[in-house]
Enquirer: 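Mind having a look at this structure? Questions to follow.
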Protein chains: 2
Amino acid sequence: MTETQKRPYHHGDLRQAIIETAIAMLNEPGGWQFTLREVARRAGVSHAAPYKHFPDKAALLAEIALIGFDRLHVALASARSGAGNATEALVAASRAYLVFGLGNPALYRLMFGAEIGNSAAVHRDKRAMGAFDVVMDLLAEGQAAGLIEKRGVAGQAASVWAQMHGLTMLKLDGMLRPERVGEDAVEAALASFYEGVFV
Amino acid sequence: MTETQKRPYHHGDLRQAIIETAIAMLNEPGGWQFTLREVARRAGVSHAAPYKHFPDKAALLAEIALIGFDRLHVALASARSGAGNATEALVAASRAYLVFGLGNPALYRLMFGAEIGNSAAVHRDKRAMGAFDVVMDLLAEGQAAGLIEKRGVAGQAASVWAQMHGLTMLKLDGMLRPERVGEDAVEAALASFYEGVFV
DNA sequence: GACATGAAGTTAACACTGTCTACTTACCGC
DNA sequence: GCGGTAAGTAGACAGTGTTAACTTCATGTC
């Protein structure tokens, strides 16, 4: 659309355009601290237009966080379906989790941060828990097959998720110093962790 | 100081007052998104005064994050000195870690977030790594005493920290749903985790 | 085709922010 | 007492999030 050929008064699908523009801006310096006005400018509308689709900036961030959970769920389900037994699937899912988190740092941080104002509502959403269900299922399968230590599945699932989440966050924050925990700390930590989980 | 009895032109220790006021505001709704102007108001100075002590808001947040690491280090060292053998000390340190993180949610999030602009510099600071050293030492001691599985200490240390950090963050985010992981997920996860670490 | 209604835009305003500059006050060393 | 500098203040600037009132146009009904 050239300068002289303006977009029609009605955008057509501004809500989606705002979401996509905001996700793109997440990956720029400043991450989610982009401004709604800049999102509107890039989408080619006035600064007040987004308020017809989202009550405020926090609502837009909440929607993006849920999209992140959707994508994580897909990544884990995909890793699971391509693996062999439950333990292989669990390791594959863990790697997929880390690949996702480390490959989408700003989105991952937003998903688990308190920035979205009503993070409790986001984290209660079933879309947020879908990814966790994959882990629960694999642990139950592994225990049933005698491949995983028989402990409380719930506590074990929490432990597995904590390990994946903790490694992702510490790596993103640059806190896994090579001089302290070696060059490939994530791999080493995963190996150490699952050594204590598998039979 | 009454309304008519103004503070002398020179505050005396404004830098410290700004830090303390900002830490207090961290625990209010909005966390670190407080405004420097409001910090200055509460400290009883003009909105530009903080710029004589901190180049910008991010620098103030960075200093507060380091203070958080200092406090975490003290909590871990204290837990260690009050425990028996290395495994008891490791469990005690883990609990102290969780108590700290869960008791100071906004400060803990700031310590590990990307909000402070130059989080890399903060996380490279030796003050940030002090807490981690306590964990490294305990693992080495435990392995030497034959109480902990002999794996690469570095990878094991990363795994232990990831577990503590992951559990703290998931709990803070409200993602450990009782209907999914039970009522006392943190305790259960820690028990499950250390079952796989101790001999 | 005319009309009413409402969605989806725009324009303008408000109150606030972070940060900077120039100025003022006062502390400190000599 | 003076000079230099630290530590304040006053004011300005460019920007923000959000709201209200208005404009444009899409849609449904007759």
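All values below were derived from every heavy atom in this structure, side-chain atoms included, with hydrogens, water molecules and symmetry-related copies excluded. What you see is a predicted model; the values in this text were computed from it and never measured. Chain letters run A, B, ... following the sequence lines, proteins first and then strands; every chain starts at 1.
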Enquirer: Would one find more than 12 heavy atoms of other residues, nucleotides or ligands at under 6.0 Å from atom CZ of A:R42?
Expert: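 Yes.
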Enquirer: Rounded to whole angstrom units, what separation is found between the CZ atom of B:R41 and the P atom of D:dT9?
Expert: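 Interatomic distance, CZ of B:R41 to P of D:dT9: 13 Å.
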Enquirer: Take B:R37 and B:L14, find for each the nucleotide of DNA chain D with the closest heavy atom, and name the residue whose nucleotide sits nearer the 5' end.
Expert: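 The 5'-side residue here is B:L14.
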Enquirer: List the atom of A:F193, the atom of B:S159, and the distance in Å for their closest heavy-atom pair.
Expert: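 That would be CB-OG, 3.6 Å.
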Enquirer: Whole-Å distance between C:dC27 P and B:H11 NE2?
Expert: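 The distance from NE2 of B:H11 to P of C:dC27 comes to 14 Å, rounded to the nearest Å.
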Enquirer: So, is A:H53 near the phosphate of C:dA7, with a side-chain N or O under 4.0 Å from OP1 or OP2?
Expert: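 For A:H53, the contact criterion (side-chain N or O under 4.0 Å from OP1 or OP2 of C:dA7) is not met.
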Enquirer: Near DNA chain C, which residues from residues 16-33 of chain B have a heavy atom under 4.0 Å away?
Expert: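 Per residue number, the list is empty: none.
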Enquirer: Got a sec: does the CZ of A:R71 have more than 12 other heavy atoms crowding it under 6.0 Å?
Expert: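 For A:R71, atom CZ is not crowded (no more than 12 foreign heavy atoms under 6.0 Å).
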Enquirer: Does anything in residues 43-51 of chain A come within less than 4.0 Å of DNA chain D? Heavy atoms only, and list the residues if so.
Expert: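 A:H47, A:A48, A:Y51, in order of number.
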Enquirer: Counting side-chain heavy atoms from C-beta on, which of C:dG9, D:dT18, D:dG8 comes nearest to A:D56?
Expert: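 From the listed options, D:dT18 comes nearest.
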Enquirer: With a 3.5 Å cut-off and just heavy-atom distances, do the side chain of A:K52 and the base of C:dG9 make a donor-acceptor pair?
Expert: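 Per atom types, the contact qualifies.
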Enquirer: Ignoring the backbone of A:L36, work out which of C:dT25, D:dT18, C:dG18 is nearest its side chain.
Expert: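 Per side-chain heavy atoms of A:L36, the pick is D:dT18.
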Enquirer: It should be established whether A:R7 places a side-chain nitrogen or oxygen under 4.0 Å from OP1 or OP2 of nucleotide C:dT10.
Expert: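 Yes, A:R7 has a side-chain N/O under 4.0 Å of OP1/OP2 on C:dT10.
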Enquirer: Rounded to whole angstrom units, what separation is found between the CZ atom of A:F54 and the P atom of D:dT19?
Expert: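 So the two atoms are 15 Å apart, to the nearest Å.
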Enquirer: Report yes or no: is there a donor-acceptor pair, N or O only, under 3.5 Å between the side chain of B:Y9 and the base of D:dT9?
Expert: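 Side chain to base: no pair below 3.5 Å.
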Enquirer: In terms of heavy-atom contacts, does NZ of B:K171 have more than 12 from other residues, nucleotides or ligands at under 6.0 Å?
Expert: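 Atom NZ in B:K171 is not packed in, count stays at 12 or less.
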Enquirer: Taking atom C1' of C:dA8 as reference, at what distance in whole Å does atom CG of A:D13 sit?
Expert: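 Nearest whole value for this atom pair: 13 Å.
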Enquirer: Give a yes/no verdict on a cation-pi contact between B:K57 and B:F34, requiring under 6.0 Å between NZ or CZ and the six-membered ring centre and an angle within 45° of the axis.
Expert: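 The answer is yes; both the distance and angle limits are met.
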Enquirer: Do B:H123 side-chain atoms and A:G174 backbone N/O form a donor-acceptor pair below 3.5 Å?
Expert: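 No, the answer is negative, given that no donor and acceptor are paired below the 3.5 Å cut-off.
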Enquirer: Taking the ring of B:Y108 and the ring of B:H165, is the distance between their centroids below 6.0 Å?
Expert: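 Centroid separation for B:H165 and B:Y108: below 6.0 Å.
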Enquirer: Quick one, B:F69 and B:D125 - any side-chain contact, counting heavy atoms below 4.5 Å?
Expert: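 Contact flag for B:F69/B:D125 side chains = no.
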Enquirer: Could you name each residue pair satisfying salt bridge (charged side-chain N to carboxylate O under 4.0 Å, His left out) that touches residues 61-70 of chain B, not counting sequence neighbours?
Expert: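 Residue pairs with at least one partner in residues 61-70 of chain B: B:E63-B:R127, B:D70-B:R127.
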Enquirer: Hey, which of these two, B:P55 or B:H10, hits DNA chain C nearer its 5' end, going by closest nucleotide?
Expert: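 Upstream on the strand: B:P55.
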